[in-house]
S.K.: 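A single structure is presented below for examination.
By convention in this document, chain letters (A, B, ...) are assigned in the order of the sequence lines, proteins followed by strands, and residues within each chain are numbered from 1.
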2 protein chains.
Amino acid sequence: MLTRLSRLRKSKKWSLQYTADRLGIAKSTYAGYESGYREPPLETLKKLADLLETSVDYLLGRIDNPAFYPKAWKVELHDKLKLTEARTRFDVELILDGAPLNEEEIKQCIAFIRTKRKLDTND
Amino acid sequence: MLTRLSRLRKSKKWSLQYTADRLGIAKSTYAGYESGYREPPLETLKKLADLLETSVDYLLGRIDNPAFYPKAWKVELHDKLKLTEARTRFDVELILDGAPLNEEEIKQCIAFIRTKRKLDTND
DNA sequence: GAAAAAGTACGCGTAACGCGACCATATTCT
DNA sequence: AGAATATGGTCGCGTTACGCGTACTTTTTC
């Protein structure tokens, strides 16, 4: 059930003991979660998602993207596109006619809109 | 802990009994989840999120948006921007210098990129 | 206003959880 | 290399807390 825990923990180079300490539980208890031998209470599950910087839905195998997800769907146009939300930032792609906009196309769009806006305010 | 269950269930106009039946558990068992008296096993928690069309993270109070979230961060440029993913679609905004792109600006960007791409392929 | 359904609370039997203890393997240190 | 320490993994026991039936109150339906 929670086999994804092991991967995420190792990606952070944490030991079972360290992780268990941060959760305030015994090493054997946490090991039980990773092996699927036991299930954690919901409060511990939330702490795990916090520690490992992912979603509970990912830990449970309900989604496949380990990155946490945004609360607001706003995309800022810089050189790189960023999806902004409260916790962190995610890379996104803009697709047009099936092909993603490359960096240069995005820059050109940005310049295009900026000059357009400047013209609209100066008359 | 799971007080959001009650809201979501009522918004679907389901009774405790009906919900419990769909989960394959006793009414009193499910009632225990809503009241916070008991916690469901993780498998049941996932089923609940499926039934109520939300995320486990929302049920646990970890995020405030009950809508499910995307699996892939891809934005398709049409007249309206859409964030595409497996389950459903979300409206998004493109922000430039703090101001969102309006529909006309997006259309102009689309036309701009299309002509640019046509030029690149025809030489 | 009776009957049915819905919501709520409790007690019992039992499944499953948390922990310490233990061992095998891997890593670190002198 | 060999001792010392840390790590990953498993097991058994005591205890927690879960699932269900049951009973009771409140609400809805006719």
Side-chain angles (χ1 to χ4, degrees), chain A residues 1-69 87-88, chain B residues 1-69:
Chain A
M1 172 101 276
L2 288 171
T3 52
R4 284 176 168 174
L5 282 180
S6 180
R7 250 182 201 286
L8 286 174
R9 173 179 61 82
K10 285 170 184 165
S11 76
K12 290 197 176 293
K13 303 194 175 174
W14 292 350
S15 68
L16 292 174
Q17 185 67 62
Y18 175 79
T19 312
D21 287 347
R22 293 204 56 176
L23 292 168
I25 60 177
K27 178 186 69 165
S28 60
T29 300
Y30 175 74
Y33 302 154
E34 280 200 1
S35 67
Y37 181 57
R38 294 282 155 83
E39 289 191 351
L42 302 188
E43 197 55 51
T44 303
L45 190 63
K46 283 166 64 177
K47 276 191 201 168
L48 270 168
D50 285 340
L51 279 178
L52 298 172
E53 299 175 289
T54 187
S55 66
V56 174
D57 288 274
Y58 177 77
L59 292 180
L60 297 180
R62 217 163 158 264
I63 57 170
D64 291 327
N65 190 334
F68 208 83
Y69 41 81
R87 283 172 174 259
T88 175
Chain B
M1 173 99 277
L2 289 171
T3 52
R4 283 176 169 176
L5 282 180
S6 181
R7 250 182 203 286
L8 286 174
R9 173 179 61 83
K10 287 171 183 165
S11 76
K12 290 196 177 294
K13 305 196 175 174
W14 292 351
S15 68
L16 291 173
Q17 186 67 63
Y18 174 80
T19 313
D21 287 346
R22 293 205 56 176
L23 292 167
I25 61 178
K27 179 184 69 166
S28 60
T29 300
Y30 174 73
Y33 303 155
E34 279 200 3
S35 67
Y37 180 59
R38 292 284 155 82
E39 289 191 352
L42 303 187
E43 197 55 51
T44 303
L45 190 62
K46 284 166 63 177
K47 275 191 202 169
L48 270 168
D50 285 340
L51 279 179
L52 298 171
E53 298 176 288
T54 187
S55 66
V56 174
D57 287 274
Y58 177 76
L59 291 180
L60 298 180
R62 216 165 157 262
I63 56 170
D64 291 327
N65 190 335
F68 207 82
Y69 39 83

S.K.: Any chance you could lay out the side-chain contact (heavy atoms from CB on, under 4.5 Å) test for Asp50(A) and Arg62(B), step after step, and finish with the verdict?
M.R.: CA-CA 9 Å; Asp50(A) 285 340; Arg62(B) 216 165 157 262; 3.0 Å; yes

S.K.: Report the distance from atom OG of Ser55(B) to atom CG of Leu60(B), rounding to the nearest 0.5 Å.
M.R.: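 It is 8.5 Å, given to the nearest 0.5 Å.
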
S.K.: Do Leu42(B) and Val56(B) touch side chain to side chain, with heavy atoms closer than 4.5 Å?
M.R.: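 Not touching, per the 4.5 Å side-chain cut-off.
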
S.K.: Given Leu45(A) and Leu2(A), is the side-chain contact (heavy atoms from CB on, under 4.5 Å) satisfied, shown in steps?
M.R.: CA-CA 10 Å; Leu45(A) 190 63; Leu2(A) 288 171; 4.3 Å; yes

S.K.: Below 4.0 angstrom, which residues in residues 13-22 of chain B have at least one non-hydrogen atom near DNA chain C?
M.R.: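 Ser15(B), Leu16(B), in order of number.
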
S.K.: Using the side chain to side chain donor-acceptor pair (under 3.5 Å) criterion, which residues pair with Ser6(A)? Sequence neighbours excluded.
M.R.: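 Side chain to side chain donor-acceptor pair (under 3.5 Å) list for Ser6(A), sorted by chain: Lys10(A).
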
S.K.: So Leu8(B) and Leu48(B), do their side chains get closer than 4.5 Å, heavy atoms only?
M.R.: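 When only atoms from C-beta onward are counted, Leu8(B) and Leu48(B) do not touch, as no gap falls below 4.5 Å.
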
S.K.: In whole Å, I'd like the distance from the CG atom of Leu2(B) to the C1' atom of dC18(D).
M.R.: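 Answer to the nearest Å: 14 Å.
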
S.K.: Does Lys13(A) have any side chain to side chain donor-acceptor pair (under 3.5 Å) partners at least two apart in sequence or in another chain, and if so, which?
M.R.: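 Side chain to side chain donor-acceptor pair (under 3.5 Å) check on Lys13(A) returns nothing, list empty.
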
S.K.: List the protein contact pattern of nucleotides 25-30 of chain D with one symbol per nucleotide (5' to 3'): B for base contact, S for sugar-phosphate-only contact, - for none; contact means a heavy-atom distance under 4.0 Å.
M.R.: ------

S.K.: Let me know the distance between CG of Leu23(B) and P of dC18(D), rounded to the nearest Å.
M.R.: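 So the two atoms are 16 Å apart, to the nearest Å.
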
S.K.: What donor-acceptor contacts under 3.5 angstrom involve side-chain atoms of residues 21-33 of chain B, with partners at least two apart or in another chain?
M.R.:
from	atom 1	to	atom 2	distance (Å)
Asp21(B)	OD1	Gln17(B)	NE2	3.1
Arg22(B)	NH1	Tyr18(B)	OH	3.2
Tyr30(B)	OH	Glu34(B)	OE2	2.7

S.K.: Do Leu51(A) and Trp14(A) pass the side-chain contact (heavy atoms from CB on, under 4.5 Å) test, and can you show the C-alpha distance, the side-chain angles, and the key distance before you say yes or no?
M.R.: CA-CA 11 Å; Leu51(A) 279 178; Trp14(A) 292 350; 4.2 Å; yes

S.K.: For a quick test of reading the model, state the closest non-hydrogen atom pair linking Arg9(B) to Thr19(B) and the distance between them.
M.R.: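 Scanning both residues completely, I find the closest heavy atoms to be CD-OG1, 3.2 Å.
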
S.K.: For nucleotides 18-22 of chain C, print each protein N/O atom paired with a nucleotide N/O atom at under 3.5 Å, atom names and distance only.
M.R.:
from	atom 1	to	atom 2	distance (Å)
dG18(C)	OP1	Tyr33(A)	OH	3.1
dG18(C)	OP2	Tyr33(A)	OH	3.1
dG18(C)	N7	Arg38(A)	NH1	2.7
dG18(C)	O6	Arg38(A)	NH1	3.3
dC19(C)	OP2	Ala26(A)	N	3.0
dC19(C)	OP2	Thr29(A)	OG1	2.9
dG20(C)	N7	Ser28(A)	OG	3.3
dG20(C)	O6	Ser28(A)	OG	3.0

S.K.: Measure the distance from CG on Leu42(A) to C1' on dC17(C) and round it to the nearest whole Å.
M.R.: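 Whole-Å distance recorded here is 13 Å.
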
S.K.: Nearest-Å distance, CG (Leu5(B)) to C1' (dG7(C))?
M.R.: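 These atoms are roughly 15 Å apart.
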
